[in-house]
A.B. asks: 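Just passing along the structure, written as structure tokens.
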Amino acid sequence: QVQLVESGGGLVQAGGSLRLSCSASGSIFSINAMGWFRQAPGKQRELVAAFTSGGGMNSADSVKGRFTISRDYAKNTVYLQMNSLKPEDTGVYYCAVPKTASNWYRNEYDYWGQGTQVTVSS
């Protein structure tokens, strides 16, 4: 059974930084397929940053140059370094991973963590 556990959220002032962690356990397809998403109040969940099946990285335009996704194979953990935070970055952040390579190719994510709250004050 796959379990994803996020941590590292909190309250930070605009311009500050946070690093989120997502620890994976169980039989996940690949740590390379993990990604970060977020959902702001009253809005749909959106992609923040994720590794692509083509070997690159995809990220939302709104976070380019500020957020970085990375991974630690030994710890089976993916990180999201968030710098220069803005109030509009406020939301619940989730990590997710596809079940199979085919799903990854289609950008379909099957397993989700419980989320961690990020609040950026102005």
Side-chain angles (χ1 to χ4, degrees):
Q1 183 173 350
V2 173
Q3 187 174 16
L4 305 176
V5 179
E6 303 99 334
S7 62
L11 173 65
V12 63
Q13 287 189 333
S17 298
L18 283 174
R19 189 177 80 153
L20 306 183
S21 301
C22 175
S23 178
S25 62
S27 182
I28 65 168
F29 151 59
S30 172
I31 189 175
N32 291 328
M34 293 177 71
W36 286 97
F37 296 77
R38 69 184 177 189
Q39 187 165 21
K43 294 187 177 181
Q44 288 190 329
R45 186 165 56 192
E46 63 173 349
L47 170 74
V48 176
F51 300 109
T52 69
S53 58
M57 187 170 61
N58 191 22
S59 62
D61 289 341
S62 60
V63 307
K64 280 184 167 64
R66 300 188 297 122
F67 291 11
T68 303
I69 186 172
S70 62
R71 57 208 164 196
D72 185 327
Y73 293 105
K75 296 182 178 180
N76 229 26
T77 298
V78 171
Y79 303 97
L80 184 67
Q81 179 65 44
M82 306 187 293
N83 298 327
S84 302
L85 282 160
K86 304 176 181 180
E88 50 264 44
D89 294 319
T90 294
V92 179
Y93 283 68
Y94 301 90
C95 66
V97 65
K99 188 183 300 186
T100 64
S102 296
N103 286 5
W104 188 22
Y105 183 77
R106 292 191 293 267
N107 294 316
E108 294 178 2
Y109 290 80
D110 303 288
Y111 300 111
W112 295 82
Q114 82 289 348
T116 185
Q117 176 70 45
V118 172
T119 303
V120 184
S121 63
S122 57

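We count residues from 1, following the sequence as given.
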A.B. asks: Mind checking what makes salt bridge (Lys or Arg N to Asp or Glu O under 4.0 Å) contact with Arg45, not counting sequence neighbours?
C.D. replies: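 Expected list: none.
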
A.B. asks: For Tyr94, what residues pass the ring pair (Phe, Tyr, Trp, His ring centres under 6.0 Å) criterion, not counting sequence neighbours?
C.D. replies: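 Scan of Tyr94 (ring pair (Phe, Tyr, Trp, His ring centres under 6.0 Å), adjacent residues dropped) gives none.
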
A.B. asks: Indicate yes or no for a side-chain donor-acceptor contact from Glu6 to the backbone of Leu20 under 3.5 Å, with no hydrogens or angles considered.
C.D. replies: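 No, the answer is negative, given that no donor and acceptor are paired below the 3.5 Å cut-off.
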
A.B. asks: Restricting to non-hydrogen atoms, name the atom on Gln114 and the atom on Leu4 that form the minimum distance, rounded to 0.1 Å.
C.D. replies: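 For Gln114 versus Leu4, the nearest heavy atoms are OE1-O, 3.5 Å.
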
A.B. asks: Kindly give the heavy-atom pair with the smallest separation between Gly8 and Leu18, and that separation in Å.
C.D. replies: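 So the two residues come closest at O-CD2, 3.8 Å.
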
A.B. asks: Got a list of side-chain donor-acceptor pairs under 3.5 Å for residues 52-60, not counting sequence neighbours?
C.D. replies:
| from | atom 1 | to | atom 2 | distance (Å) |
| --- | --- | --- | --- | --- |
| Thr52 | OG1 | Gly54 | N | 3.4 |
| Thr52 | OG1 | Gly56 | N | 3.0 |
| Thr52 | OG1 | Gly56 | O | 3.4 |

A.B. asks: Nearest 0.5 Å, please: how far is CG in Asp89 from OG in Ser62?
C.D. replies: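 If I round to the nearest 0.5 Å, the distance is 7.0 Å.
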
A.B. asks: Roughly how far apart are Asn76 CG and Ser25 OG, rounded to 0.5 Å?
C.D. replies: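 OG of Ser25 is found 8.0 Å from CG of Asn76.
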
A.B. asks: Looking only at non-hydrogen atoms, find the nearest pair between Phe37 and Ala96 and report the distance.
C.D. replies: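 That closest heavy-atom pairing would be CE1-CB, 4.0 Å.
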
A.B. asks: Taking the side chain from Trp104 and the backbone from Phe51, do they hold a donor-acceptor pair closer than 3.5 Å?
C.D. replies: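 The answer is yes, because a donor-acceptor pair under 3.5 Å joins these two groups.
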
A.B. asks: Going by heavy atoms in the side chains, are Thr90 and Gln117 under 4.5 Å from each other?
C.D. replies: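 Yes, their side chains come closer than 4.5 Å.
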
A.B. asks: Identify the two heavy atoms, one from Ser84 and one from Arg66, that lie closest to each other, and give their separation to 0.1 Å.
C.D. replies: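 Smallest heavy-atom distance, with atoms named: O-NH1, 2.9 Å.
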
A.B. asks: Do the non-hydrogen side-chain atoms of Ile69 and Val78 ever get within less than 4.5 Å of each other?
C.D. replies: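 Touching, per the 4.5 Å side-chain cut-off.
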
A.B. asks: Do Asp72 and Thr77 meet the criterion of a side-chain donor-acceptor pair at a distance under 3.5 Å?
C.D. replies: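 Their side chains do not contain a donor-acceptor pair, so the 3.5 Å distance test is not met.
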
A.B. asks: Which pair of non-hydrogen atoms, one from Ser122 and one from Ala14, has the smallest distance, and what is that distance?
C.D. replies: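 Between these two residues, the closest heavy atoms are CA-CB, 4.3 Å.
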
A.B. asks: Specify the closest pair of heavy atoms between Val48 and Leu80, including all atoms of both residues, with the distance to one decimal.
C.D. replies: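 Here Val48 and Leu80 meet closest at CG1-CD2, 4.0 Å.
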
A.B. asks: Quick one: pull up CD in Gln3 and OG in Ser23 and give me the separation to the nearest 0.5 Å.
C.D. replies: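 Gln3 CD to Ser23 OG: 8.5 Å, rounded to 0.5 Å.
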
A.B. asks: Strictly by modelled atom types, are Tyr79 and Arg19 linked by a side-chain donor-acceptor pair under 3.5 Å?
C.D. replies: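 Result is no, nothing qualifies.
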
A.B. asks: Please enumerate all residues that pass salt bridge (Lys or Arg N to Asp or Glu O under 4.0 Å) together with Arg106, with sequence neighbours excluded.
C.D. replies: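 With neighbours one apart ignored, the set is Glu108.
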
A.B. asks: Nearest 0.5 Å, please: how far is SG in Cys22 from OH in Tyr93?
C.D. replies: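 Between atom OH of Tyr93 and atom SG of Cys22 there are 14.5 Å.
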
A.B. asks: Which residues pass the salt bridge (Lys or Arg N to Asp or Glu O under 4.0 Å) test with Lys43, not counting sequence neighbours?
C.D. replies: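 In terms of salt bridge (Lys or Arg N to Asp or Glu O under 4.0 Å), with neighbours along the sequence ignored, Lys43 is linked to no residue.
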
A.B. asks: Please walk me through it: do Asn103 and Asp110 pass side chain to side chain contact (heavy atoms under 4.5 Å, CB included)?
C.D. replies: CA-CA 8 Å; Asn103 286 5; Asp110 303 288; 2.8 Å; yes

A.B. asks: By salt bridge (Lys or Arg N to Asp or Glu O under 4.0 Å), which residues pair with Glu88, not counting sequence neighbours?
C.D. replies: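 Per chain and number, Glu88 pairs via salt bridge (Lys or Arg N to Asp or Glu O under 4.0 Å) with no residue.
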
A.B. asks: Is the Phe29-Tyr111 ring centre distance short of 6.0 angstrom?
C.D. replies: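 Phe29 vs Tyr111: aromatic centres not under 6.0 Å.
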
A.B. asks: Hey, are the side chains of Lys99 and Ile28 touching, using non-hydrogen atoms and a 4.5 Å cut-off?
C.D. replies: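 The answer is no; the side chains never approach within 4.5 Å.
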
A.B. asks: Determine yes or no for a side-chain-to-main-chain donor-acceptor pair under 3.5 angstrom, with Thr116 supplying the side chain and Gly9 the backbone.
C.D. replies: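 Yes, Thr116 side chain to Gly9 backbone: donor-acceptor pair under 3.5 Å.
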
A.B. asks: Using 4.0 Å as the upper bound for N to carboxylate O, is an ion pair formed by Asp61 and Lys64?
C.D. replies: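 Yes.
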
A.B. asks: Got Val118 and Met82 here, is their nearest side-chain heavy-atom distance under 4.5 Å?
C.D. replies: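 SC-SC contact between Val118 and Met82 confirmed.
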
A.B. asks: Please confirm whether the backbone N or O of Phe67 pairs with a side-chain atom of Gln81, one donor and one acceptor, at under 3.5 Å?
C.D. replies: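 Looks like no, no N/O pair under 3.5 Å.
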
